[in-house]
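Some notes on the structure that comes next.
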Amino acid sequence: MTEAEARELFDKIDGDSDGQISIVELANHFKSEGHQGKLKEKVKEAMAADSNRDRVLDFEEFHTLVK
Ligand SMILES: [Ca+2]
Ligand SMILES: [Ca+2]
């Protein structure tokens, strides 16, 4: 994924546009993608990219996850 694509996806998931992806926003995103059954698993997987452990993904962390 290019940085521009990652940015586009980041903005899409970042529902309140505060520049950070919260667990709730991740869950909403995976729900809309049809991952209801594996929601917890998917969120946990994504939050593994939270390298500074503040429970939100900034763009840098997100980019590491999707690249
Ligand atoms: Ca947000
Ligand atoms: Ca973080």
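Counting starts at 1 for both ligands and their atoms, in listed order.
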Open item on the list: So, of the N/O/S atoms that Asp14 has, which is the nearest one to the Ca ion (ligand 1)?
Closed with: OD1

Task: Cut-off under 3.0 Å, centre the Ca ion (ligand 2), protein N/O/S atoms - done: Asp50 OD1, Asn52 OD1, Asp54 OD1, Val56 O, Glu61 OE1, Glu61 OE2

Check: residues 55-62 side-chain donor-acceptor pairs under 3.5 Å, at least two apart:
residue : atom : partner : partner atom : Å
Asp58   : OD1  : Glu60   : N            : 3.3
Asp58   : OD1  : Glu61   : N            : 2.9
Glu61   : OE1  : Asp58   : N            : 3.1
Glu61   : OE2  : Ser51   : N            : 3.3
Glu61   : OE2  : Asn52   : N            : 3.3

Check residues 4-23 and write down every donor-acceptor pair under 3.5 Å in which the side-chain atom is one partner and the other belongs to a residue at least two apart or another chain.
residue : atom : partner : partner atom : Å
Glu5    : OE1  : Thr2    : N            : 3.0
Glu5    : OE1  : Thr2    : OG1          : 3.4
Asp14   : OD1  : Ser17   : N            : 3.3
Asp14   : OD1  : Asp18   : N            : 3.4
Asp14   : OD2  : Asp18   : N            : 3.2
Asp14   : OD2  : Gly19   : N            : 2.8
Asp16   : OD1  : Asp18   : N            : 3.4
Asp18   : OD1  : Gln20   : N            : 3.1
Ser22   : OG   : Glu25   : N            : 3.2

Task: For His29, ring pair (Phe, Tyr, Trp, His ring centres under 6.0 Å) partners two or more places apart - done: none

- [ ] Determine, using the 4.5 Å side-chain heavy-atom cutoff (strictly less than), whether Val24 and Phe30 are members of one ILVMFWY cluster.
- [x] no

TODO: Please work out the angle at the Ca ion (ligand 1) defined by atom OD1 of Asp18 on one side and atom OD1 of Asp16 on the other, rounded to 10°.
DONE: 80°

Task: Gap between atom CG of Leu65 and atom CE of Met1 - 0.5 Å precision - done: 9.0 Å

Open item on the list: With a 4.5 Å cut-off on side-chain heavy atoms, are His35 and Lys42 touching?
Closed with: yes

Open item on the list: Closer than 3.5 angstrom, by distance alone: can the side chain of Asn28 be matched with the main-chain N or O of Ser32 as a donor-acceptor pair?
Closed with: no

